[in-house]
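Heavy atoms only: backbone and side chains are in, while hydrogens, waters and symmetry mates are out.
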Amino acid sequence: MTHEFYTLYDHMLHSETIIYMIMGISLVAFTLYWFFITGRDDNADD
Amino acid sequence: MSLSRRSFLFGLGAAGTGLAVGKTASASTGKEFTGYPDSYGVLHDISRCVGCRQCEGACNTVNDLDAPEKPFTDTSVLDTKRRTGQESFTVVNRFEPKGKRPHFAKIQCNHCQEPACASVCFVRAFKKSPEGPVVYNPDICVGCRYCMVACPFDVPAYEYDKAFSPRVRKCTMCAPRIAEGKLPGCVEACPKEALVFGKRDDLLALAKERIKKHPGRYIDHVYGEKEMGGTAWLYISDVPFEEVGMRTDLGSKSAPALTSGALGVVPMVVGLWPVFLTGMYGMTKRREKVAAQDQKVAVTAAVQEAEAKAAQELEVCRAKAKTDQEKALAKADKEREAAIAKALEEAATKEVPPETDETPHGEEA
Amino acid sequence: MNEQIMAPKKGLMTPFNIGAAIIVVAGIIITILRFTLGLGAVTNLSDYYPWGIWIGFDLMVGVALAAGGYVTSSACYLFGMKRYHAAVRPAILTGFLGYFFVVVSLIYDLGRPWRLPYPFLLGWGTTSMLFEVAFCVALYLTVLFLEFSPVALEWLGLKKARNLVHKLTILLTILGVVLSTLHQSSLGALFIPAPSKLHPLWYSEYIAVFFFVSSIVAGLSMVIFEGAISHKALHHRMGKEYLENHDDLTLGFAKAASMVLAGYFTIKWVGVAAGNHWDLLATGYGLWFLVEMFGFIALPSVLYAVGVREKKFGVIKIAAVISVLGIIVNRLNVSIICFNWYLPSADRYVPSWMEVVISLFMVTLIMLVFRFIANRMPLFDTHPDYRDNH
Ligand code: SF4
Ligand code: SF4
Ligand code: SF4
C-alpha cells in the first residue's frame, strides 16, 4: 500500500478490514474445500 | 481576527518541532506512527488558571448548549467536583492541594492522537481528523456507548433523556471554528492565557520551554505528551497532576495498541480452529469406524460360535430323543403285554368280559 | 398466552405462572416507558456507567450461560461422546433462546436500536472488539437457529427440509465452536482498551482467555442445572434415550466442569502474577477477589469432584448452581462492580428497580418459551420417524 498512515488507528482500520474479508472468504472456502476432500469417501455423512 | 491574539501560537520556529511527539508502534509492522503532521492542539497551563469559568461560558455559547441553572459567573459551582456532561463540554474544577493555594483545572475531550473512542466504535462514528479534533457523527451512531466505557478520561456524555435521537456529546475542539480560521471558544475567552491554541508540535516545544525557563516552578512533565498514546490537549502544572484530579496511571499505550493483540488472535482462531476441529472429528469418526469393525468381527465370531453350539445341541437332542422314543416304545410294549395279560385274566374270571381289546393305556407312542 | 404455555394436566394457577404473569405485565409496561420516554426514564445509567445490568447481566451473563449449546454439541459430534446425544437438543434450544433474548435486551439498551444493522451495512468499525462480537453473535444466532430447526421441522412434519439440515450437523457444529470461541472471549476483550477503568485484579491481558474458559464452565454447569430442573418438571416429555443417559451425562459433564474450573483457577492466578498485583489482595477489592476465586471457582470444582467420586447427584447439582452464580458474579464484577472502582460511592451505579424488572422479564420469557417448546416439540426425544437416523 502506497498510502501512508499517520495513526495506528488508521493503519488498523485498513488492515483489519482486509483481514475480516479474508476471514469471511476463508470460512466459505474451507467449507467447500472440506466437501472436496471428503467427496469420494464411502460414507461422507453420519 | 482573533487568530492574532497571543492565545494562538504561531510556528514557534523549529524549537522542538517533531522532537518528542507521542509515538505509537504497531506490533504487526514494527512501524511507528507519529500522528498527523501539523495537527492542532491546546496547551493548558494549570498554574495560570484562576477558575473564572469564562471558558465554560464561551463553550456553552459557541456550541448552543442549554443554559445551566446557575450562571457562569457563579463560582459556588466550584464547590463540588463536576465532570463533562451533555450540556457542558468543558468544566473547571477547584482543587486544594495540601499547603498550597487553590488550583483550578479545566477538563474537556483531550482529542487523543490514537482515540480510544474511535478505536472501539463499531460504526466508525468517531474520527480523528488530520487537523487534530476528534469529531463525532451522530447520523451513524447506534448508541451502544462503548466509546464512553473506553474513554480513559471519562469525557463523552450521553443524552439518556432523548427517546428517539440520543447522541453522544463531547467537546469538538471547535472543529467548525477552526475550519473558519477562528480560535476555539474556550481558548478565545480565557483572560489569563491559561489556554494556548496551536500546532501540537509547537505547543509541546512551548510547554517544555516554559518548564525549563522557570526552574522549580513546574512539574517536569507535559501531561498528554504520551498519556494513552498522546493527546492533542496538553497540560503543564505547578502541582502534581494527581492533585488536580488527573490520572497519572494511564500509561503510554494507546487503546488501539492495547486491542491489537486480542484482535490479532481472531483470524488465527478462524483460520486454525476449523482445522483442529475437523481433525478431532476425523479421529472420532475413525475411532468409531474401528470400533464398529471390531464389533462386526466380534459379532460374526459370536454368531458362528452360537451356530456351532446350536447344531451340536440339536444333535444331542436328536440322539436323546431317539433313545427316549425307544425307551417309550419298549415301555409301551411292556405295558400293552401286561394289559393284555390282565384282560385275559379278567376275562377268564368274569363271565361277561367288557370289550377286551380296549387297552387302558395309550400305545401310539 | 397462558393457556398455551401451561403444562398438560396442570392447573393455570401454579405459583410459577402467577409470578410469571406479574413479571410479564410489569415488563410490558416498562417496555412502553423505555421506548417512549428514553433510557433515562427507566434506568440509572450515567455518563460514568454507560453500561448497566442490561449489558452486565443480560448480555454478558446471558451469552456465557448460553454456552451449553456449543459445549454439548461439540462434545457429542466432534469429541465423540455420542452417548450425550440426547442432551444436545435441549442445550441447543437453551442456547438459541439465550442468544435471542440477548439480542432483545440489546434492543432495549441501545440508544437507537433500529440502527442495529449499521455496523454491518455502513460502519465496519473493524478495529472495535464490539464489531467482532456483533458479527459473531449475529452469525451464531443463525447457526443455532439452523441447529435447532430439525426439532421444529420434525414437529411440523417437513421431512425433506429436516433431513437436509440434518446433513449439515457437523458443519454447523464446527462453525458454532469457532464463533463461540471468538465472541465468548471477545466479550472479555471489550475491556482490554480500558485498563485504567477496570480494577487491576480483574483487568488482565488474559481477560479474553478467562472469559472463554469460564464460558465452558458456564455451559457445562448450565446443562447439568437445566437437566436437573427439566427432569423434574418435564419428565413426561422425555424419551427413553434421554432418561437412560441422563445420569451418565451428568457425571461426565461434572467431571469436565471440575477440571475446567481447576484450569480456570490456575490461569486466574497467572493473571494476578502477570500484573504483579499481589499487594492488592490485602485490600477490600482483594478480599472480594478471593471470595470469587475460592467461593465461586475452587469450591464448585471440589464439589464437582466429590460429587463424581461419590456418585452424589445432589452435590453435583449444588456445584452447578454455585458455578452458575460464579459466572454471574464474575461478569457483573468486570462490567459493573469493579468497573470505575475508584469513583466515590455517590457516582457509582446501582440498577433501578425497572432495570431489574426488565432483566427478570427476559429470564421469564426464556423459561416460558422453553416450556412451550418442550411441551410440544420432540426436544427430549427424537421424533419416532427419525430414531435410527443419527
Ligand atoms: S479524550 Fe476520550 S472522547 Fe476525547 S478523544 Fe480521547 S478517548 Fe475520545
Ligand atoms: S455510542 Fe455511538 S459513537 Fe459511541 S461507540 Fe457506540 S456507536 Fe460508536
Ligand atoms: S474547544 Fe470548543 S467545544 Fe471544546 S471545550 Fe473549548 S469551546 Fe468547548
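Side chain of Trp51(C) to backbone of Cys144(B): a donor-acceptor contact under 3.5 angstrom is found. In this structure, Lys197(C) contributes its side chain and Phe153(B) its backbone to no donor-acceptor pair below 3.5 Å. Judged by distance alone, with hydrogens and angles left aside, the side-chain atoms of Tyr160(B) form no donor-acceptor pair with the main-chain N or O of Gly38(C) at under 3.5 Å. At distances below 3.5 Å, not a single donor-acceptor pair connects side-chain atoms of Arg112(C) with backbone N or O atoms of Val142(B). No side-chain donor-acceptor contact under 3.5 Å links Ser196(C) to the backbone of Leu250(B).
The greatest number of non-hydrogen atom pairs below 4.5 Å with chain C, out of Gly85(B), Cys151(B), Gly261(B), Gly279(B), is found for Cys151(B). Of the listed residues Thr43(C), Leu45(C), Leu198(C), the one with more heavy-atom pairs under 4.5 angstrom with chain B than any other is Leu45(C). Considering only heavy-atom pairs separated by less than 4.5 Å from chain C, the leading option among Thr84(B), Asp161(B), Asp154(B), Val168(B) is Asp154(B). Annotation: maximal heavy-atom pairing with chain B below 4.5 Å, among Gly188(C), Gly111(C), Pro344(C), occurs at Gly111(C). Between chain B and the residues Thr126(C), Leu110(C), Leu121(C), Asn340(C), the most heavy-atom pairs under 4.5 angstrom are made by Leu110(C). Listed options Ala41(C), Cys136(C), Gly123(C) were ranked by heavy-atom pairs under 4.5 angstrom with chain B; first place goes to Gly123(C). Chain B forms the most heavy-atom pairs under 4.5 Å with one residue out of Pro119(C), Gly80(C), Gly40(C), and that residue is Pro119(C). Put simply, of Ala262(B), Ser119(B), Pro274(B), the one with the most heavy-atom pairs under 4.5 Å next to chain C is Ser119(B). When each of Val265(B), Val155(B), Ile140(B), Asp249(B) is scored by its heavy-atom pairs under 4.5 Å with chain C, the top score falls to Ile140(B). By number of non-hydrogen pairs under 4.5 angstrom with chain B, the leading residue of Ile55(C), Thr36(C), Leu116(C), Leu190(C) is Leu190(C).
Looking at Thr173(C), neither its backbone nor its side chain comes within 4.5 Å of chain B, counting heavy atoms on both sides. Ala125(B) does not touch chain C: none of its heavy atoms, backbone or side chain, sits under 4.5 Å away. Interface remark: Tyr77(C) contributes backbone atoms only to the contact with chain B (heavy atom separation under 4.5 Å). Both the backbone and the side chain of Pro166(B) come within less than 4.5 Å of a heavy atom of chain C. With a 4.5 Å cut-off on non-hydrogen atoms, Ala208(C) does not touch chain B at all. Both the backbone and the side chain of Ala157(B) have a heavy atom closer than 4.5 Å to some heavy atom of chain C. Looking at Pro267(B), there are no atoms closer than 4.5 Å to chain C (heavy atoms on both sides), in backbone or side chain.
Listed here is the closest heavy atom pair of Pro50(C) and Met148(B): CG-CB, 3.5 Å. For Trp114(C) against Ala163(B), the heavy-atom pair with the smallest separation is CH2-O, 4.1 Å.
More than 12 heavy atoms of other residues, nucleotides or ligands shown are found within 6.0 angstrom of CZ on Arg82(B).
Distance CD/Gln86(B) to CG/Asp47(C): 7.0 Å, rounded to 0.5 Å. Here the OH atom belonging to Tyr158(B) is positioned 6.5 Å from the CG atom belonging to Leu39(C), to the nearest 0.5 angstrom. Note: Arg124(B) CZ to Thr127(C) OG1 = 9.0 Å, rounded to the nearest 0.5 Å. Between the CG atom in Leu258(B) and the CE atom in Met129(C) there is a gap of 12.0 Å [rounded to 0.5 Å]. Atom OG1 in Thr181(C) sits 7.5 Å away from atom CG in Leu277(B) (nearest 0.5 Å). We find the CZ-OH distance between Phe191(C) and Tyr146(B) to be 7.5 Å, quoted to the nearest 0.5 Å.
In this structure, Arg145(B) forms no cation-pi arrangement with Tyr49(C), as its terminal cationic atom is not both closer than 6.0 Å to the ring centre and no more than 45° off the ring axis.
Residues passing the side chain to side chain donor-acceptor pair (under 3.5 Å) test with Ser185(C): none are found, sequence neighbours excluded.
The aromatic rings of Phe79(C) and Phe276(B) are tilted relative to each other, their planes meeting at an angle between 30° and 60°.
Using a 4.5 Å cut-off on side-chain heavy atoms (C-beta onward), Val270(B) and Leu182(C) make contact. Residues Thr278(B) and Ile174(C) are in side-chain contact: their nearest non-hydrogen atoms beyond the backbone lie under 4.5 Å apart. Contact annotation: the side chain of Val149(B) approaches that of Phe339(C) to within less than 4.5 Å [non-hydrogen atoms, C-beta and beyond].
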